[in-house]
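Everything numeric in this text was worked out from a predicted model, so none of it was measured. By convention here, the first residue in the shown sequence is residue 1.
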Amino acid sequence: MVAVNGSSLMDWCRDGGLLDQAIEFIREETSRGATFEGIIWHQGEAGVGSEDGNYGEMLEQLIHKLRSETGAADLPFVAATLPDASPNAAEVNAALDRLAASLPGFTIVDGPRKTMSDAVHLDTAASESLGIAMAEAMMRLSAPEADP
């Protein structure tokens with residue numbers, strides 16, 4: 001698991017950034033026998049505005065680089081939408097919809113609408129609900145196709 005609280009998509013996409021660190025971590029762990037099954041992505045409010053560039057294009061580049069660098073061209077990728085009250089939710093959610101329609105192995109789940117009083121951060125129940133929904137989506141993406 002690789003997660004960085006408070007990081008923006010720009011933090012992940014820049015050269016030498018968090019994505020490069022995650023890829024190195026994945027390589028190290030898989031060389032030790034670990035398996036790498038997929039990615040779950042829940043962008044917070046950090047760095048999702050237009051000032052950081054086009055969110056959808058940046059996320060698509062991240063996915064392509066991750067798949068290419070790990071040799072997993074069909075790596076499942078599950079992303080969660082942002083609550084409507086989150087800053088830039090419309091931009092992020094529209095980008096996720098577009099990616100789900102155009103990228104194989106990419107799906108989205110609706111993030112919970114219940115948040116803490118600041119209207120941005122998920123409370124415990126919402127976090128648990130989101131985790132379950134994302135795990136179920138990952139299992140659907142990862143399941144082998146049933147023979148007809």
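Distance check, rounded to the nearest 0.5 Å: OG of S68 to CD1 of I23 gives 8.5 Å. Separation of atoms CH2 (W41) and CG (L99) is listed at 11.5 Å; rounding is to 0.5 Å. Of the inter-residue distances, the one linking L82 atom CG with E91 atom CD reads 10.0 Å to the nearest 0.5 angstrom. Separating the CD1 atom in I63 from the CD atom in Q61 is a distance of 10.5 Å, to the nearest 0.5 Å. Note that CE of M134 and NE2 of H42 are 7.0 Å apart. Values are rounded to the nearest 0.5 Å. Taking CG from D110 and CG from L130, the interatomic distance works out to 10.0 Å, rounded to the nearest 0.5 Å.
Contact annotation: the side chain of V92 never approaches that of L59 to less than 4.5 Å [non-hydrogen atoms, C-beta and beyond]. Counting heavy atoms from C-beta outward, T30 and T35 have side chains that stay 4.5 Å or more apart. Inter-residue side-chain proximity for E136 and I132 is flagged as met; some heavy-atom pair is nearer than 4.5 Å. At a threshold of 4.5 Å between non-hydrogen side-chain atoms, the residues D11 and S8 count as touching. Contact check for L103 versus H64: side-chain heavy atoms found under the 4.5 Å cut-off. Within the 4.5 Å cutoff, side-chain heavy atoms of R32 are placed close to those of E29.
Residue pairs meeting the salt bridge (charged side-chain N to carboxylate O under 4.0 Å, His left out) criterion with at least one member in residues 65-75, sequence neighbours excluded: D20-K65, R27-E69. Here salt bridge (charged side-chain N to carboxylate O under 4.0 Å, His left out) pairs that include residues 96-105, with residues two or more places apart or in two chains, are E60-R98.
Nearest heavy atoms, E37 versus P76: O-CD, 3.3 Å. Looking at every heavy atom in both residues, L141 comes nearest to G105 through CD1-O, 3.5 Å. In this structure, A100 and I108 approach most closely via the heavy-atom pair CB-CG1, 4.4 Å. Contact record, V109 with A133: CG1-O, 3.8 Å, taken as the closest heavy-atom pair.
The backbone N or O of M138 lies less than 3.5 Å from a partner atom in the side chain of S142, making a donor-acceptor pair. Listed for the T81 side chain is no donor-acceptor partner under 3.5 Å among the backbone atoms of N93. Using modelled atom types, one side-chain atom of N54 and one backbone atom of E57 make a donor-acceptor pair closer than 3.5 Å.
Under the 30°/60° scheme for interplanar angles, the aromatic rings of F77 and F106 are found to lie parallel.
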*Run the side-chain contact (heavy atoms from CB on, under 4.5 Å) check on L9 and L62 step by step: do they pass?*
CA-CA 9 Å; L9 182 54; L62 177 143; 4.0 Å; yes
_Could you go through L75 and F36, starting from their C-alpha distance and side-chain angles, then the distance that decides it, and tell me whether this counts as side-chain contact (heavy atoms from CB on, under 4.5 Å)?_
CA-CA 9 Å; L75 183 72; F36 178 52; 3.6 Å; yes
